[in-house]
S.K.: 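Below you'll find the structure I mean.
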Amino acid sequence: KFFDNISAKLYNNVYVSPKRFEMIYYNIISVFSSVVEKLPVESDISIRINEEYDSDVRRNEHINRLLETSILICDAVDEQRDKQRLKLREEILDFLNANFDQPDLCLAMIAEEFNISERYASQFIKEQTGKNYTQHVEELRMREAERLLKETDIPIRKIAEMVGYYNKNTFYKSFKRVYNTSPKIYR
């Protein structure tokens, strides 16, 4: 939409001299170049940006070329953002899976580990898992507690500690909320 607005003004404005249009063209190319430099891989976008301005080509052809290039850049930026979000998702979920048993696990730890804000970490976890941070960690802890109750004879208070609870009562309340029964009866 932004580019459509600019291109309409450039195309229809007879007061923009050919020399001025060329300057505007190179300014836009300069902005494109600075964005493309930040992309991790070389692409045909670089080739398009480095093509010389041809004063014999009509304005609308230059505008269309700029528009096509801007679409390619937007697609490349979107693709890169999606890759980064997927990588962050995997890293955060792996971190939670590896550390859910730490009683002091909190959003601040995640934020510090991944250099993001606590608010963003919270929103990101909710977006990626469909559960808020607390619900997700509780699910991980309860799943492991359930496994330990089924497969071992470890005392319940020890299981509570092993899955990240300081307080046995908090563990019991969480377990009852999730499984509608006490850990003792469940076992």
S.K.: Check step by step if side-chain hydrogen bond (donor to acceptor under 3.5 Å, both in side chains) holds for R177 and Y172.
M.R.: CA-CA 9 Å; R177 182 176 45 256; Y172 271 84; over 6 Å; no
S.K.: Take N64 and E61 through the test side-chain hydrogen bond (donor to acceptor under 3.5 Å, both in side chains) and record every step on the way to the result.
M.R.: CA-CA 5 Å; N64 286 339; E61 291 177 39; over 6 Å; no
S.K.: Has the side chain of S122 got a donor or acceptor atom that lies under 3.5 Å from a matching backbone atom of E118?
M.R.: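 Not confirmed, S122 side chain does not pair with E118 backbone.
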S.K.: With a sphere of 6.0 Å drawn around CD of Q123, does it hold more than 12 non-hydrogen atoms of other residues, nucleotides or ligands?
M.R.: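 Atom CD in Q123 is packed in, count exceeds 12.
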S.K.: Taking the six-membered ring of F124, is the NZ or CZ of R89 close enough (under 6.0 Å from the centre) and on axis enough (within 45°)?
M.R.: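 Judged by the rule, R89 and F124 form no cation-pi pair.
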S.K.: Give a yes or no on whether L88 and L39 share a hydrophobic cluster (residues Ile, Leu, Val, Met, Phe, Trp, Tyr; joining criterion: side-chain heavy atoms under 4.5 Å apart).
M.R.: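 No; tracing contacts between hydrophobic side chains, which count when under 4.5 Å, never links both residues.
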S.K.: So do L93 and T129 actually touch side chain to side chain, heavy atoms under 4.5 Å?
M.R.: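 Sidechains of L93 and T129: in contact.
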S.K.: Are M23 and Y25 connected, step by step, through hydrophobic side chains (Ile, Leu, Val, Met, Phe, Trp, Tyr) whose heavy atoms are closer than 4.5 Å?
M.R.: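 Hydrophobic grouping puts M23 apart from Y25.
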S.K.: Can you hop from Y179 to I154 via hydrophobic side chains spaced under 4.5 Å?
M.R.: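 Yes, one cluster joins them.
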S.K.: Tell me whether the count of non-hydrogen atoms from other residues, nucleotides or ligands lying under 6.0 Å of CZ in R157 goes above 12.
M.R.: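 It does not: R157 CZ has 12 such atoms or fewer within range.
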S.K.: Taking R187 for the side chain and S182 for the main chain, is one N or O donor matched with an acceptor at less than 3.5 Å?
M.R.: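 Not confirmed, R187 side chain does not pair with S182 backbone.
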S.K.: Take Y166 and F171 through the test ring pair (Phe, Tyr, Trp, His ring centres under 6.0 Å) and record every step on the way to the result.
M.R.: CA-CA 8 Å; Y166 281 126; F171 169 73; over 10 Å; no
S.K.: Without swapping roles, check the side chain of R141 against the backbone of Y165 for a donor-acceptor pair under 3.5 Å.
M.R.: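 Between the backbone of Y165 and the side chain of R141 there is no qualifying donor-acceptor contact (under 3.5 Å).
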S.K.: Taking the inter-plane angle between the rings of F175 and Y186 on a 0 to 90° scale, is it parallel (under 30°), tilted (30 to 60°) or perpendicular (over 60°)?
M.R.: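 Perpendicular: the ring planes of F175 and Y186 meet at over 60°.
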